[in-house]
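Here is the structure we will look at, set down as structure tokens.
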Amino acid sequence: DGGITQSPKYLFRKEGQNVTLSCEQNLNHDAMYWYRQDPGQGLRLIYYSQIVNDFQKGDIAEGYSVSREKKESFPLTVTSAQKNPTAFYLCASSIPSGAGQPQHFGDGTRLSIL
Amino acid sequence: GNSVTQMEGPVTLSEEAFLTINCTYTATGYPSLFWYVQYPGEGLQLLLKATKADDKGSNKGFEATYRKETTSFHLEKGSVQVSDSAVYFCALSDRQGNNDMRFGAGTRLTVKP
């Protein structure tokens, strides 16, 4: 079955550490997205990528970085510059823009600070 | 910019009650509209969608109609079940540009037996 796989499901970070969240999709989607979800809040866009080797900042990109070297993969690094990283992170993908298509989501990674 | 406002929760209903979760939007142009559902510890699942005015999306007994005149996309279900307990998100996606999707804050629904 096609889908989006996020790993790990739970992740712990020490102060000053960078951590990388994995997102892999086998839906053959060109576009991929990273969102942050805080308790009781909606989703906020961190970064998105419409095509391999290209990505754009979303609304809350500070303290995060991404890469898009392969169509299937869009890893997110939470850097030490992100002062409040504890949150639930969701990866999504969709077919290209211009059609108002739905996004398909992974099951998320919950990041906590030790 | 585009935005979505949805009914604040939490909402608690008894089994077989009627459900309405209100959603209104602000958008330039003609967005597509979506309802997603999130179960505890999971990602979002697409529940239903509508791509143009007067379209009705439906799935698993849930319905929502795209009302351009009132800029609304209210979610309804005639008889809720305990298994419908989840958080529901209304969202819109601009047909132009980067498929940027805007989400409401979510409404937590609890259905009691």
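Keep in mind that what you see is a predicted model, and the values were worked out from it rather than measured.
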With a 4.5 angstrom heavy-atom cut-off, which part of A/L90 approaches chain B: side chain, backbone, both or neither? side chain
So, for B/Q38 and A/F88, which heavy atoms are closest and what is the spacing to 0.1 Å? NE2-CE2, 3.6 Å
Assess whether atom CD of A/E69 is packed by more than 12 heavy atoms of other residues, nucleotides or ligands within 6.0 Å. no
Any link between A/F105 and A/W34 through a network of hydrophobic side chains (Ile, Leu, Val, Met, Phe, Trp, Tyr) touching at under 4.5 Å? no
Mind checking whether A/Q103 and B/F34 have side chains closer than 4.5 Å, heavy atoms only? no
Under 6.0 Å from the CD atom of B/E16, do we count more than 12 heavy atoms belonging to anything else shown? no
Side chain from CB out, backbone as N, CA, C, O: work out which of these in B/L44 comes under 4.5 Å of a heavy atom of chain A, or both, or neither. both
Answer with yes or no whether the hydrophobic clustering places B/F62 together with B/V4; edges join I, L, V, M, F, W, Y residues whose side-chain heavy atoms lie under 4.5 Å apart. yes
Going hydrophobic residue to hydrophobic residue with side-chain gaps under 4.5 angstrom, can you get from A/Y33 over to A/I60? no
Heavy-atom count check: over 12 atoms from other residues, nucleotides or ligands less than 6.0 Å from A/E62 CD? no
Might you point out which heavy atoms bring B/M101 and A/Q101 nearest each other, and give the distance in Å? CE-O, 3.8 Å
Chain A contact residues among residues 104-113 of chain B, heavy-atom distance under 4.5 Å: B/G104, B/A105
So which residues get pulled into A/L27's cluster when ILVMFWY side chains under 4.5 Å apart are joined, directly or through others? A/I4
With only heavy atoms counted, which part of B/Y39 is less than 4.5 Å from chain A, the side chain, the backbone, both or neither? neither
Tell me, yes or no, whether the heavy-atom count around B/F18 atom CZ, taken from other residues, nucleotides or ligands under 6.0 Å, exceeds 12. yes
Which atoms of A/Q56 approach chain B - backbone, side chain, both or neither, heavy atom under 4.5 Å: neither
Are any non-hydrogen side-chain atoms of B/F103 and A/Q37 less than 4.5 angstrom apart? no
Cluster link B/L48 to B/Y25, ILVMFWY, side chain under 4.5 Å: yes
Is it the case that more than 12 heavy atoms not belonging to A/K14 sit under 6.0 Å from its NZ atom? no
